[in-house]
Amino acid sequence: MQAVTFRSTFNKVLSILLWAGLAAAAGATLVTPGALPLLVGVPVAAAGGAALVWALLWSPRVTVDDEAVHVQNVLLEHRIPWGALIHVDTAFALTLHTPGRRIRATAAPAPGQLTAFRATRSEKRRLDRLGGAGGIRPGDLPGTDSGRAAELVRGRWERLRDSGAIEPGQADRISVERRPRTAEIVAVVLGTTALVAGVLLL
């Protein structure tokens, strides 16, 4: 099966709104008479802000393929082979458990109490059936970022287990890879520098 990627819907919408606002601010500076003192500072700050929005909001994601789950947070990427995965949780965000480690996905935060309270009865009944006697967490609700990401991970995990592609009892022997996300780190550093420099130039 092909790889599938999850990004937070809220983060995507917020990113687009922020980029539009930053572009509008920079554009207005260029066409506004008498805005010469702002001609450098505003575009530089806007470019820095746009880089930060990309790194902090747009780039985090969770990708599943037939080999592993890839959790790409702002600064680090974790590659969790399916054989190393032992539990999927949604207490505060999508959290993948391996022997001795917990890896939280910033792209899939759990909902607030208001969202959980407003969940429809049908959603709650459905998840109660799936959760058994222990019930379910608000983070498992299908309309939430954590719930949709968890469903994506659990669905692929279950299909691979059922097909015999995952050898049981090997989790302790399988390593989880972690590496820095260089492009995102550079974007955070340069974006912060440009934002501060732009503000100082105003």
Side-chain angles (χ1 to χ4, degrees), residues 1-15 56-172 174-179 181 184:
M1 297 178 65
Q2 70 180 94
V4 180
T5 296
F6 169 86
R7 281 188 174 93
S8 165
T9 300
F10 175 79
N11 283 0
K12 288 191 291 185
V13 172
L14 182 58
S15 296
L56 301 177
L57 296 177
W58 186 270
S59 72
R61 58 190 181 270
V62 177
T63 301
V64 300
D65 57 35
D66 287 344
E67 302 297 325
V69 187
H70 305 264
V71 177
Q72 293 164 312
N73 292 330
V74 176
L75 303 180
L76 291 173
E77 176 179 355
H78 304 267
R79 181 183 181 275
I80 305 127
W82 292 111
L85 187 62
I86 58 175
H87 181 58
V88 178
D89 190 20
T90 58
F92 302 103
L94 173 69
T95 304
L96 307 180
H97 295 251
T98 67
R101 295 187 66 180
R102 291 185 300 174
I103 298 163
R104 188 170 294 170
T106 58
Q113 291 300 316
L114 180 60
T115 302
F117 178 77
R118 294 173 60 184
T120 65
R121 291 183 178 181
S122 61
E123 287 177 329
K124 290 179 178 178
R125 284 198 298 268
R126 173 190 168 197
L127 289 173
D128 280 335
R129 288 196 299 271
L130 294 174
I136 54 94
R137 293 185 184 276
D140 287 317
L141 293 169
T144 64
D145 284 337
S146 56
R148 290 187 294 119
E151 185 175 7
L152 176 66
V153 172
R154 287 168 177 154
R156 183 69 67 100
W157 190 25
E158 290 170 3
R159 284 193 293 272
L160 290 170
R161 282 188 306 184
D162 292 344
S163 69
I166 301 175
E167 185 177 356
Q170 300 298 310
D172 289 321
I174 300 175
S175 61
V176 174
E177 299 173 14
R178 183 177 69 174
R179 66 180 181 86
R181 301 186 72 198
E184 285 73 11

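The first residue of the sequence shown is numbered 1, and numbering continues consecutively from there.
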Within 6.0 Å of CZ in Arg178, more than 12 heavy atoms from elsewhere: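 Open: at most 12 neighbouring heavy atoms sit under 6.0 Å from CZ of Arg178.
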When you measure from the side chain of [X] to the backbone of [Y], do you find a donor-acceptor pair of N or O atoms at a distance under 3.5 Å?
X: Ser15; Y: Val13; value: no
X: Thr144; Y: Gly147; value: yes
X: Arg7; Y: Lys12; value: no
X: Arg181; Y: Asn73; value: yes
X: Ser146; Y: Gly139; value: yes

With sequence neighbours left out, write down each residue that passes side chain to side chain contact (heavy atoms under 4.5 Å, CB included) with [X], or none if nothing qualifies.
X: Glu167; value: Gln170
X: Phe10; value: Ser8, Leu14, Asp145
X: Ala68; value: Asp65, His70, Arg79

Is there side-chain contact between [X] and [Y], with at least one heavy-atom pair below 4.5 Å?
X: Pro99; Y: Ile86; value: yes
X: Leu96; Y: Arg102; value: no
X: Thr63; Y: Val4; value: no
X: Arg104; Y: Phe92; value: yes

Using the side-chain contact (heavy atoms from CB on, under 4.5 Å) rule, take Ile80 and Thr98 through it: C-alpha gap first, then chi angles, then the decisive distance, then the call. CA-CA 8 Å; Ile80 305 127; Thr98 67; 3.7 Å; yes
Nearest heavy-atom neighbours spanning Trp82 and Asp66: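 Taking every non-hydrogen atom into account, CD1-O, 3.5 Å.
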Closest heavy-atom contact between Gly83 and Ile166?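 Gly83 and Ile166 have their closest heavy atoms at CA-CG2, 3.9 Å.
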Give a yes/no verdict on a cation-pi contact between Arg159 and Trp157, requiring under 6.0 Å between NZ or CZ and the six-membered ring centre and an angle within 45° of the axis.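 That pair does not qualify as a cation-pi contact.
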